[in-house]
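In what follows, every heavy atom counts, from backbone to side chain, and hydrogens, waters and symmetry copies are set aside. For clarity, every value in this text was computed on a predicted model and none was experimentally measured.
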Amino acid sequence: MIAFGADLGIYNYRSTVASSNTSDNNAAANKMLNLQYERGVLNWLGIGAKLQLCDYFTSKDTATGAKATVRSFDALVVINAHMLRSKRVDLLGGVNVGYSYLNYSANDKYISQATGGGSTFDIHFQPRFYFGDHFGMFINLAYVHYGYNNLDFQNTQTHIADVLDLNGGGVNFGFGFQAKF
């Protein structure tokens, strides 16, 4: 099975700056595009891979007028348990586990960027509906978690490199289309 999907996510992140040992909680939202491949290894078990691009919604900073850019690229291993299968419906639940690379650019003169990688996982429920023998659509509902430890944080005003930890998660909801062969 090959699938292409789009998701919206709403998360709560906790950020910690190492040099000042300050922490802050922030809400975040993103949109995702993903491409997934899954192969059945047992009648009820599928294993595969998923690649996704995440683009976070940002707004203009009221002090600087700059709009930050926050994007990540995720590569995950897919493990799905197919609980109910019929000719036109496939109800499954599963987990995705993998690596995420984050790039934050403030696009202003004070903070240049934060970059680095971390772990990600999700727990999802995904009903799939087939229109014929090979093509269909799916709905995705998931809890997603990201853990970025030791992001390289560059402050251009003080020219001091720092470390940023960013951890959190929340709910994703999306849909997409799939083809099975």
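With 3.5 Å as the limit, one finds a donor-acceptor pair spanning the side chains of Asn34 and Asp7. Inspection of the Ser23 and Thr16 side chains reveals an N or O donor paired with an N or O acceptor under 3.5 Å.
The local environment of CZ in Arg39 is sparse, with at most 12 non-hydrogen atoms from other residues, nucleotides or ligands closer than 6.0 Å. Applying the 6.0 Å contact sphere to CD1 of Ile79 captures more than 12 heavy atoms from other residues, nucleotides or ligands.
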Show me the side-chain donor-acceptor pairs of residues 167-181 shorter than 3.5 Å, one per line, residues at least two apart or across chains.
from: Asn167; atom 1: ND2; to: Asn149; atom 2: OD1; distance (Å): 3.2
from: Asn172; atom 1: OD1; to: Tyr11; atom 2: OH; distance (Å): 2.6
from: Gln178; atom 1: NE2; to: Met137; atom 2: O; distance (Å): 3.4

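Annotation: salt bridge (Lys or Arg N to Asp or Glu O under 4.0 Å) contacts of Asp24 (sequence neighbours excluded): none. By the side-chain hydrogen bond (donor to acceptor under 3.5 Å, both in side chains) test, Ser119 pairs with no residue at all, sequence neighbours left out. Contacts of Ser59 classified as side-chain hydrogen bond (donor to acceptor under 3.5 Å, both in side chains), with partners at least two apart in sequence or in another chain: none. For Arg88, the salt bridge (Lys or Arg N to Asp or Glu O under 4.0 Å) partners two or more places apart in sequence, or in a different chain, are Asp133. Residues passing the ring-ring contact (aromatic ring centres under 6.0 Å, His included) test with His134: none are found, sequence neighbours excluded. Scanning for salt bridge (Lys or Arg N to Asp or Glu O under 4.0 Å) contacts around Arg71 gives Asp55, with sequence neighbours left out.
Cluster annotation: Ile123 and Val144 are assigned to distinct hydrophobic clusters (Ile/Leu/Val/Met/Phe/Trp/Tyr, side-chain heavy-atom contacts under 4.5 Å, transitive). Both Phe125 and Leu84 sit in one connected hydrophobic cluster of ILVMFWY residues. Membership requires side-chain heavy atoms under 4.5 Å apart, directly or through other members. Met32 and Ile10 fall into different hydrophobic clusters, where Ile, Leu, Val, Met, Phe, Trp and Tyr residues are linked whenever their side-chain heavy atoms come under 4.5 Å apart, directly or through other members. Val41 and Val95 fall within a single hydrophobic cluster, where Ile, Leu, Val, Met, Phe, Trp and Tyr side chains are chained together by heavy-atom contacts under 4.5 Å. Two different hydrophobic clusters hold Val78 and Phe121 under the rule that ILVMFWY side chains link at heavy-atom gaps under 4.5 Å.
For the pair Thr115/Leu102, no side-chain contact is recorded, criterion being any heavy-atom separation below 4.5 Å from C-beta on. You'll find the side chain of Gln126 stays beyond 4.5 Å of the side chain of Ile139, heavy atoms only. Taking 4.5 Å as the limit, every side-chain heavy atom of Leu164 sits out of range of all side-chain heavy atoms of Tyr148.
Across Cys54 and Asn30, no two heavy atoms sit closer than the pair CB-ND2, 3.8 Å. Listed here is the closest heavy atom pair of Gly5 and Phe138: CA-CZ, 4.0 Å. Across all their heavy atoms, Pro127 and Leu91 have their closest contact at CB-CD2, 3.3 Å. In terms of heavy-atom proximity, Ser15 sits nearest to Leu166 at CB-CD1, 3.8 Å.
Taking Ile, Leu, Val, Met, Phe, Trp and Tyr as hydrophobic and joining them when side-chain heavy atoms fall under 4.5 Å apart, one finds Phe73 in a cluster with Leu51, Leu53. Side-chain heavy-atom separations under 4.5 angstrom define the hydrophobic clusters, and Leu92 shares its cluster with no other residue. Think of Tyr99 as one node in a network of Ile, Leu, Val, Met, Phe, Trp and Tyr side chains linked at under 4.5 Å; its network also takes in Tyr101. Residue Tyr130 belongs to a hydrophobic cluster whose other members are Met1, with links defined by side-chain heavy atoms closer than 4.5 Å.
A donor-acceptor distance shorter than 3.5 angstrom exists from the side chain of Thr58 to the backbone of Ala68, with no hydrogens or angles considered.
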*Let me see the working for Asp165 and Asn150 under side chain to side chain contact (heavy atoms under 4.5 Å, CB included), right down to the final yes or no.*
CA-CA 5 Å; Asp165 291 342; Asn150 300 320; 3.9 Å; yes
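Here the CG atom belonging to Asn140 is positioned 11.5 Å from the CG atom belonging to Leu8, to the nearest 0.5 angstrom. Distance check, rounded to the nearest 0.5 Å: OH of Tyr56 to NZ of Lys31 gives 12.5 Å. To the nearest 0.5 Å, atom CG of residue Leu35 and atom CD1 of residue Ile2 are 7.5 Å apart.
Identified under the side-chain hydrogen bond (donor to acceptor under 3.5 Å, both in side chains) test for residues 72-84, with sequence neighbours left out: Glu38-Asn80, Glu38-His82, Gln52-Asp74, Asp74-Ser100, Asp74-Tyr146, Asn80-His124, His82-Asp90.
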